[in-house]
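Report on one structure; see the data block that follows.
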Amino acid sequence: MQIYNTLIRRKEKMEPRQAGKISMYVCGPTTYNFIHLGNARPLVVFDTLRRYLRYKGYAVNYIQNFTDIDDKIINRAREEREDPILLARKYVEEYFRDADALNVLRADVHPRVSEHLTEIVEMVRLLMERGHAYEVDGDVYFDISSFSGYGKLSGRSPEDMQAGARVEVDPRKRHPMDFVLWKAAKTGEPAWESPWGPGRPGWHIECSAMSRKYLGDNFDIHGGGYDLIFPHHENEIAQSEAVTGNTFARYWMHNGFITVNQEKMSKSLGNFFLVREILDKFPPETVRFFLLSTHYRSPLDFDDEKLAASGRGLERIKNCIRLMDEAAGSSARQDMNGEDKVLAGLLERRRQEFESALDDDLNTALAIGIVFDAVGDINSYLHKASQGEAVCPAVISKARGLLEVFNSILGLFGTDASGKIILDGQDQGEGKLVGDLMDLIIRIRQEARLRKDWATADSIRNGLKDVGIILEDTPSGVRWKK
RNA sequence: GGCGACAUAGCCAAGUGGUAAGGCAGAGGACUGCAAAUCCUCCACUCCCCGGUUCAAAUCCGGGUGUCGCCUCCA
C-alpha cells in the first residue's frame with residue numbers, strides 16, 4: 001500500500017515496523033462542544049483506513065485521544081457555571097453518540113489528558129533534564145533551538161516563521177517559536193501538582209506522552225487534520241524525538257478541510273454545521289458516503305444539495321441489494337451457466353480494482369466508483385436473468401458477499417454480527433406490526449388494480465409516499481421501501 | 001511578508017506521459033395501466049490561459065490568472 005506522507009511530501013510504500021502489525025495514533029477532539037462535520041472527516045477517513053488495514057490482515061492498534069483539559073473547556077465551563085472536568089466528560093459522551101452514528105468503530109484505547117498527568121509531567125521533567133526545556137515563573141517552555149529537526153514536518157524554518165509572526169511574542173520566551181509544555185495555574189483553574197508548581201499541560205505534550213505510553217517511542221501512522229501540521233504535529237515531533245532520540249511516527253497523514261461556500265468550516269468563522277444537526281436531516285450512511293466520496297486530502301465543499309445527491313447515489317446501491325435478495329429468493333437453480341460465470345469473473349475483477357484503489361493512498365473516491373461498476377454488472381445480470389432463465393443463487397450470494405466486503409471497509413450500511421448488510425424496509429426496524437399493515441394495504445390496493453380502479457390504487461400509492469413509503473409495482477409483485 | 005495546495009461536463013468527482021472512470025441531474029428507447037425501480041443508448045475532440053519539452057501531455061517544465069489554506073485556538 002502506498003501512503004502520502006506529509007513528512008516527505010509524496011507517496012511512499014507503507015512498511016510497518018513489525019510485519020503484520022500497524023500502530024496508529026489519531027488526534028481526537030477537544031471536548032467542549034458537539035463535533036461539527038469538519039471534525040467528523042478525520043474520524044471517518046481514519047476509521048476507513050483502519051478497516052482497510054484490518055481487511056488486509058494487519059493487527060491494527062488504534063489510539064485516539066480526547067483533549068479534556070484545555071483553555072476552551074475552562075472558558076466554556078465558566079460560562080455555564082459547570083465543573084470543567086464534568087463538562088469535558090459530558091462532551092466525550094456526546095462525541096461517542098455522533099461517532100457511533102457514523103459507524104466509526106471505537107479505538108483500542110481512547111486516552112484522556114486528565115488521566116495521564118503522571119506521564120505528561122514525567123515527559124516534561126525529562127525534557128528539562130535533557131536541556132530541551134526551561135522554566136519561567138511556573139511555566140515550562142520547549143526550547144526549539146535545542147532540537148535541530150524543528151520544522152521538518154511543516155517545511156518551514158524558525159527564521160521563516162519569525163518573519164511573518166502575527167502574534168505578540170511573550171517576552172519571557174527565549175525564541176518566539178518556543179511553545180509551552182506546562183502552564184502555571186491561575187486562581188480558580190483546575191490544576192495538578194508538578195515540580196514547577198501547580199498547573200496543567202500545554203496542548204501538544206499530551207499526544208507525545210500518551211502515544212508513547214500506548215504505542216512506544218516510535219509507531220507507524222499518525223493522522224489528523226491538515227491544520228494540525230503546524231504547530232501541533234511539528235511540536236509533537238520535537239518533544240518526542242528530543243526525549244527518546246528515536247524517530248517518532250513514520251507516516252504522517254493529514255486530511256483536507258470541509259468547506260462551506262469554498263471557505264474552511266471552522267469554529268472561529270462560525271460557519272460550522274454540527275454532525276448532530278446534519279443527522280436530523282440526512283441518514284448517517286449518506287453523511288459517511290459523502291465524506292468518502294472525495295479523496296481525503298482534497299477539500300470537500302458541503303451543502304445540503306450535495307448531500308442529497310449523495311443520498312440518491314446510495315439509493316442505487318441499496319436498490320441493487322434489494323433486487324438481489326428478491327431474485328435469490330425466487331430461484332433454486334443449481335448449476336452455473338455462461339452468464340453466471342461471466343458475472344462471477346467480473347466480480348472478482350471488481351474486488352481487485354477496489355483493493356488497488358485503496359492501496360493507492362486510500363482512494364475512496366475511486367473505490368466508490370468501483371462499487372458502482374459492480375452494481376452495474378449485477379443489475380445487468382439480474383435484468384437479463386429476469387427475461388430468461390432464473391438467477392443462480394450461488395452467484396447472487398457471491399455478489400452480495402462482494403458488496404458486503406466493500407461495506408466492511410467503507411462502513412456505509414448497518415450489518416448483523418456476521419457482516420450481512422441489513423437495509424431498512426420490510427427486513428427489520430419497524431417490527432412485525434408495520435409489516436403486517438403494509439401487507440394489508442398492498443393487498444387492498446392490488447384488488448383495486450385488478451378492478452382497474454386506478455384512482456384508488458394511485459391514491460394509496462401517493463398517500464404512502466407522503467408518509468415516506470415508496471411502492472414499486474413489479475411483474476413479480478409489489479415492493480415497498482422507506 | 002514567508003510557505004503550501006488546488007483549478008476536469010450543469011453539479012460532485014477519479015485520473016501524474018499514450019489519447020477523459022464513476023455518481024447526481026438531463027435526453028431517447030425497453031418494461032409498466034401510470035409511476036418507481038431496472039436495463040440499453042446518448043450526454044467533456046477536451047481537462048483555467050499562454051508558451052515549451054516529447055512521436056505522444058489533463059498529466060512534465062516555464063510564465064500568467066483565479067480560488068483556498070497554514071504561519072494564531074481550530075480536524
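Computed over heavy atoms, backbone and side chain alike; hydrogens, waters and symmetry mates excluded. Letters go in sequence order (proteins before strands), and every chain restarts at 1.
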*When all nucleic acid strands are considered with a 4.0 Å heavy-atom cut-off, which category describes A:Gly38: base, sugar-phosphate, or nothing?*
base

*Expressed as a whole number of Å, how far does the P atom of B:C45 sit from that of B:A20?*
11 Å

*What is the nucleic acid contact for A:Arg76, judged by heavy atoms within less than 4.0 Å: base, sugar-phosphate only, or nothing?*
nothing

*Give one of base, sugar-phosphate or nothing for A:Arg297, where a contact means two heavy atoms less than 4.0 Å apart.*
nothing

*Specify the residues of residues 253-274 of chain A, ordered by number, for which at least one heavy atom lies under 4.0 angstrom from an atom of RNA chain B.*
A:Asn255, A:Gly256, A:Phe257, A:Ile258, A:Gln262, A:Lys264, A:Met265, A:Ser266, A:Lys267, A:Ser268

N/O contacts under 3.5 Å, protein versus nucleotides 20-24 of chain B?
from: B:C24; atom 1: O3'; to: A:Arg312; atom 2: NE; distance (Å): 3.0
from: B:C24; atom 1: O2'; to: A:Arg312; atom 2: NE; distance (Å): 3.3
from: B:C24; atom 1: O2'; to: A:Arg312; atom 2: NH2; distance (Å): 2.8

_Touch class at under 4.0 angstrom, heavy-atom based, for A:Asn363 against every strand present_ = sugar-phosphate

*For the side chain of A:His295, starting at C-beta, report the closest nucleotide among B:A14, B:C12, B:C74.*
B:A14

*Any donor-acceptor pair under 3.5 Å joining the side chain of A:Arg156 to the base of B:G4?*
no

*asked:* For a quick check of understanding: with a heavy-atom distance under 4.0 Å over all strands, which category does A:Asn379 fall into, base, sugar-phosphate or nothing?
replied: sugar-phosphate

*Is the shortest heavy-atom distance from the side chain of A:His222 to the side chain of A:Thr6 under 4.5 Å?*
no

*The side chain of A:His383 lies closest to which of these nucleotides: B:C70, B:A14, B:U38?*
B:U38

*Does anything in residues 465-477 of chain A reach RNA chain B, meaning a heavy atom under 4.0 Å, and if so which residues?*
A:Leu471, A:Glu472, A:Asp473

*Between B:C74 and A:Trp203, is there an OP1 or OP2 to side-chain N/O distance shorter than 4.0 Å?*
yes

*Please report, rounded to the nearest Å, how far the C1' atom of B:G2 is from the CZ atom of A:Phe230.*
12 Å

*hbond_proxy A:Arg461 side chain to B:A35 base (donor-acceptor, 3.5 Å cutoff)*: yes

*Check whether the aromatic ring of A:Tyr226 stacks on the base of B:G69, taking stacking as ring centres less than 5.5 Å apart and planes within 30° of each other.*
no

